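These numbers come from a predicted model, not from an experiment.
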Amino acid sequence: MEKVMLGAPLPNGPCRARSEFSRSFNNRKQMEIAVYKPYGDHEFQSLIERIHPPRVCIDNDTCRNCTIVKVDSANKHGILLEMVQVLTDLDLLILRSYICSDGGWLMDVFHVTDQLGNKITDESLIHYIEQAICASRRGSREVQTCVGRNVRPRHVSMEHTAMEMTATDRPGLMSEISAVLAELGCHVSGAVAWTHNKRAACIVYMEDDLKHGPIMDPYRVAQIQAQLENVVEAHHYEGERRSVRLAAPAASQTHTERRLHQLMAADRDYEQCCSCGYDSSGDDVAHRQKKGSNSTEVKIENCKEKGYSIVTVRSMDRPKLLFDTICTLTDLQYVVFHASISSFESIAFQEYYVRHKNGWTLDSESERRRMIQNLMAATERRVSHELRLDVTTQNRVGLLADVTRVFRENGLSISRTEVGVQGEQAVGTFYVKDTSGQAVTSETLEIVRREIGGTVLVANKSSERPSSQPTNLSNTSPSISSSSSSSSSNGKQDNKPGFSLGSMFWSQLEWLSSNFRPIKS
């Protein structure tokens with residue numbers, strides 16, 4: 001065995017020894033970097049939250065025209081989206097918002113009204129908002145599950161199987177899917193479908209018609225999925241993107257509208273969106289407003305001094321716009337540190353100071369283009385310029401198949417829909433257009449009403465903001481009515497709001513509030 005004396009030359013010469021030592025040191029350094037992760041103790045974080053629980057203040061005194069919701073809480077990734085989700089799920093309109101979450105704490109302010117432009121004064125609703133926001137911060141699903149089971153089918157339900165589908169949009173697609181489900185004995189309890197850039201995505205909640213519960217038999221699930229795949233593939237060319245998936249009920253699942261955004265993004269519907277920015281100067285904004293530009297415009301700049309990317313979005317204002325934008329930023333793994341959201345007349349301005357979850361900013365051209373296209377797609381997916389039909393009728397097995405068949409047989413194509421159940425009634429909103437490109441005639445609407453039955457409310461065009469006048473849907477006799485646009489004093493055109501699944505919540509508030517525990521001060 002060869003011995004090496006301290007201070008004596010190393011075997012094989014000093015150069016080789018130094019290279020081996022350097023290589024060993026570099027390997028060790030790389031190994032340390034690869035395994036290093038920031039320390040995070042979930043129990044310690046829970047302790048911090050118990051010591052400093054989220055505080056929600058609902059102020060009706062400061063502002064004359066709206067209610068101010070203030071949230072003060074420890075910060076975590078995705079908490080902003082969860083808070084916005086609570087407000088938008090109640091169909092509250094967020095007029096302005098100021099976000100500050102730099103560091104480990106957040107202080108967010110939301111200026112909200114109800115669908116009629118009034119303050120939130122109902123004590124039961126105020127109590128629910130406080131409970132729901134605190135529950136979302138703690139990661140609890142108790143409040144959300146309760147709302148979803150009794151009010152909104154687009155929320156996760158422990159009782160229903162979910163079908164997710166993406167495909168090329170074409171007339172009659174929804175009719176064919178719902179017809180297959182009816183033939184296979186699947187009762188549809190809720191459905192949401194969007195179309196954008198010739199792509200379609202939908203989520204359908206269903207249960208076994210015979211067993212009145214979720215579809216759990218693996219053989220039956222495989223049979224249903226195979227039949228649906230045949231429908232989707234029928235009009236697709238080889239190599240075209242499409243997907244069908246059935247998911248079993250789960251205690252924790254992504255919010256349905258967020259999941260729709262994820263499905264369409266995975267289907268790359270954003271690729272046809274123009275990735276150009278815009279000039280945010282006052283002259284440019286005034287010029288575009290004068291021209292009445294309705295397009296969405298996104299601009300990205302870097303603030304090198306603070307290490308942020310500044311993302312500015314200008315678009316037509318509409319309900320749930322903030323949810324759609326925050327949802328996209330969150331799913332792209334970007335953290336919002338500061339934000340200011342406001343609107344002037346019908347134009348919305350959103351400015352975000354963001355950084356990737358891993359710490360980097362939007363430096364590369366490809367990453368900027370991807371961000372711009374995704375934000376543009378997110379703001380456009382929910383916009384519909386077609387005729388809106390609000391339907392209320394007696395719920396029954398195969399109802400969705402019958403309604404969509406009536407649309408297809410009368411030359412109407414569905415661009416967006418939202419369907420649910422309220423007690424014994426089935427309620428839904430359908431945005432339809434004539435497949436020939438012509439205007440939908442009153443004769444066609446009368447035929448549709450007569451064949452569907454129940455109540456059908458017709459809006460002349462889809463509205464971006466609901467008007468201050470409520471819509472009265474009568475269930476006493478089959479009827480068809482038309483809500484015409486009326487001019488306000490400033491010259492804007494407003495439509496009467498149609499059915500929204502969020503409006504179901506109001507009839508359940510008294511029941512919900514009795515199940516809440518008081519907040520300990």
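Rounding to the nearest 0.5 Å places CD1 of I341 at 8.0 Å from OG1 of T325. Atoms CG and CG, on L329 and L81 in that order, are 10.0 Å from each other to the nearest 0.5 Å. To the nearest 0.5 Å, atom CE of residue M165 and atom CD1 of residue I177 are 3.5 Å apart. Separation of atoms OG (S178) and CE (M206) is listed at 12.0 Å; rounding is to 0.5 Å. Note that CD1 of I347 is 9.5 Å distant from OG of S343, once rounded to the nearest 0.5 Å. Distance check: T393 OG1 to R449 CZ gives 10.5 Å after rounding to the nearest 0.5 Å.
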Check against side-chain contact (heavy atoms from CB on, under 4.5 Å), I414 and T404: CA-CA 8 Å; I414 301 172; T404 53; 3.8 Å; yes
Residue pair F323, H255: steps toward the ring pair (Phe, Tyr, Trp, His ring centres under 6.0 Å) verdict: CA-CA 11 Å; F323 171 83; H255 184 275; 5.4 Å; yes
S243/T166 under side-chain hydrogen bond (donor to acceptor under 3.5 Å, both in side chains): CA gap, chis, key distance, verdict: CA-CA 5 Å; S243 68; T166 59; 2.6 Å; yes
Criterion salt bridge (charged side-chain N to carboxylate O under 4.0 Å, His left out) on K320 and E257, from CA distance to verdict: CA-CA 10 Å; K320 300 191 178 182; E257 292 181 346; 3.4 Å; yes
Working for side-chain hydrogen bond (donor to acceptor under 3.5 Å, both in side chains), residues D317 and S346: CA-CA 5 Å; D317 194 16; S346 61; over 6 Å; no
Worked check of salt bridge (charged side-chain N to carboxylate O under 4.0 Å, His left out) between E271 and R370: CA-CA 9 Å; E271 290 182 342; R370 178 169 171 263; over 6 Å; no
T417 vs V192, side-chain contact (heavy atoms from CB on, under 4.5 Å): CA-CA, chis, key distance, verdict: CA-CA 6 Å; T417 185; V192 186; over 6 Å; no
Stepwise side-chain contact (heavy atoms from CB on, under 4.5 Å) test for V383 and H385: CA-CA 7 Å; V383 175; H385 301 286; 3.5 Å; yes
side-chain contact (heavy atoms from CB on, under 4.5 Å) evaluation trace for L228 with V180: CA-CA 7 Å; L228 292 172; V180 168; 4.1 Å; yes
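Looking at every heavy atom in both residues, T161 comes nearest to A247 through CG2-O, 3.3 Å. Taking every heavy atom of both residues into account, I224 and C186 meet most closely at CD1-SG, 3.5 Å. Across all non-hydrogen atoms, the minimal contact from T328 to A378 is OG1-CB, 3.0 Å. In terms of heavy atoms, A401 sits closest to A182 at CB-CB, 4.1 Å. Residues N395 and H187 approach most closely at ND2-NE2, 3.8 Å, considering heavy atoms. A pairwise comparison of heavy atoms in L400 and A191 identifies CD2-CB, 4.4 Å as the closest pair.
The closest side-chain heavy-atom distance from I68 to F110 is not below 4.5 Å. Residues T113 and N118 fail the side-chain proximity criterion, which asks for heavy atoms closer than 4.5 Å. Side-chain contact between L387 and V458: present, with at least one pair of heavy atoms (C-beta onward) separated by less than 4.5 Å. Between V221 and Y219 there is no side-chain heavy-atom pair separated by less than 4.5 Å. Side-chain contact between D402 and V406 is absent, with no heavy-atom pair separated by less than 4.5 Å. No side-chain heavy atom of I120 sits less than 4.5 Å from a side-chain heavy atom of I58. Considering only heavy atoms from C-beta on, P319 stays 4.5 Å or farther from D91 through its side chain. The shortest side-chain heavy-atom distance between E386 and V440 does not fall under the 4.5 Å cut-off.
H261 and W194 have perpendicular rings, their planes meeting at more than 60° on a 0 to 90° scale where under 30° would count as parallel.
Side-chain atoms of Q350 and Y352 include a donor-acceptor pair closer than 3.5 Å. Side chains of D390 and T429: a donor on one and an acceptor on the other come within 3.5 Å. A donor atom on one side chain and an acceptor atom on the other are found under 3.5 Å apart for N60 and T67. A donor atom on one side chain and an acceptor atom on the other are found under 3.5 Å apart for T168 and R199. Between the side chains of T296 and T379, a donor-acceptor pair is found at a separation under 3.5 Å. Side chains of T392 and Q425: no donor on one and acceptor on the other come within 3.5 Å. With 3.5 Å as the limit, one finds a donor-acceptor pair spanning the side chains of S175 and R408.
In this structure a side-chain-to-backbone donor-acceptor pair under 3.5 Å is present from R220 to L184. Between the side chain of T195 and the backbone N or O of S415, at least one donor-acceptor pair lies under 3.5 Å. In terms of modelled atom types and a separation under 3.5 Å, the side chain of D114 and the main chain of L116 share a donor-acceptor contact. Under a 3.5 Å cut-off, the side chain of T435 and the backbone N or O of S413 do not form any donor-acceptor pair. The main-chain N or O of A439 is never found under 3.5 Å from a side-chain atom of K433 such that the two would form a donor-acceptor pair.
Salt-bridge check for D269 with R381: passed, with a basic side-chain N closer than 4.0 Å to an acidic carboxylate O. A salt bridge is absent between R242 and D267; no separation between the charged side-chain nitrogens and carboxylate oxygens falls under 4.0 Å. Using a 4.0 Å cut-off between charged side-chain N and carboxylate O, R396 and E424 make no salt bridge. Using a cutoff of 4.0 Å between basic side-chain nitrogens and carboxylate oxygens, R318 and D324 are scored as salt-bridged.
With sequence neighbours left out, E351 forms a side chain to side chain donor-acceptor pair (under 3.5 Å) with no residue at all. Remark: F430 engages F407 in a ring-ring contact (aromatic ring centres under 6.0 Å, His included) (not counting sequence neighbours). The side chain to side chain donor-acceptor pair (under 3.5 Å) search around E380 returns H196, not counting sequence neighbours.
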